[in-house]
> 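Take a look at this one; I'll ask things after.
It should be emphasised that the depicted structure is a prediction, and the values quoted were computed from it without experimental measurement.
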Amino acid sequence: MSPNLRIQSRNIVDLSETRCTTDDRLDAIVEAFLVDRRVQNVRPGTLHFYRWKLSYLLTYCHAQQVKSISQIDTNLLRSFFLWIAESHNP
């Protein structure tokens, strides 16, 4: 184990002192989340539901020129929820 990598508890890994860079692109983060869910053995229908719902967020962020998670703030999320309410509710 790397000296900079410490396991704090059962499922939490502290990477705060590592020198590696992380990929904060939204598409990569969503894909990493979906891989994690597969590892957690969620049902295929649940995985499909996650992918379907997250595709709305990715579509909205793309339209807003948001490409990394660091660009997401509360204002963007509020406008996303408003967009969903106005465009995806019958």
> Quick check: closest heavy atoms across C61 and L76, and the distance to 0.1 Å?
SG-CD2, 3.9 Å
> Atom CG of D24 and atom NZ of K67: how far apart are they, to the nearest 0.5 Å?
12.5 Å
> Inspect the surroundings of CZ in F49 and state if more than 12 heavy atoms from other residues, nucleotides or ligands are less than 6.0 Å away.
no
> Rounded to the nearest 0.5 Å, what's the gap from CZ on R38 to CG on D36? Could you check?
10.0 Å
> May I ask whether L54 and V39 are part of the same hydrophobic cluster, defined by side-chain heavy atoms of I, L, V, M, F, W, Y residues being less than 4.5 angstrom apart, directly or through others?
no
> Could you state the interatomic distance from CZ (R25) to CG (L58), rounded to the nearest 0.5 Å?
11.5 Å
> How long is the span from the NE2 atom in H48 to the CG atom in L34, to the nearest 0.5 Å?
11.5 Å
> Could you pull out the closest heavy-atom pair between V66 and I72, with the gap in Å?
CG1-CG1, 4.0 Å
> List the residues meeting ring-ring contact (aromatic ring centres under 6.0 Å, His included) with Y50, not counting sequence neighbours, and say none if there are none.
F33
> Measure the spacing between CD1 of I69 and CG of D27 and express it to the nearest 0.5 Å.
11.5 Å
> Hey, any chance L82 and F80 share a hydrophobic cluster, counting ILVMFWY side chains that come within less than 4.5 Å of each other, even indirectly?
no
> As an exercise, state the distance from CG of L77 to CG of L57, rounded to the nearest 0.5 Å.
7.0 Å
> Please work out which of the three classes, parallel, tilted or perpendicular, describes the rings of W83 and Y60, given edges at 30° and 60°.
tilted
> Between R43 and R37, is any pair of side-chain heavy atoms under 4.5 Å apart?
no
> Looking at every non-hydrogen atom in both residues, tell me the closest pair between Q71 and Q65 and how far apart they are.
NE2-O, 3.8 Å
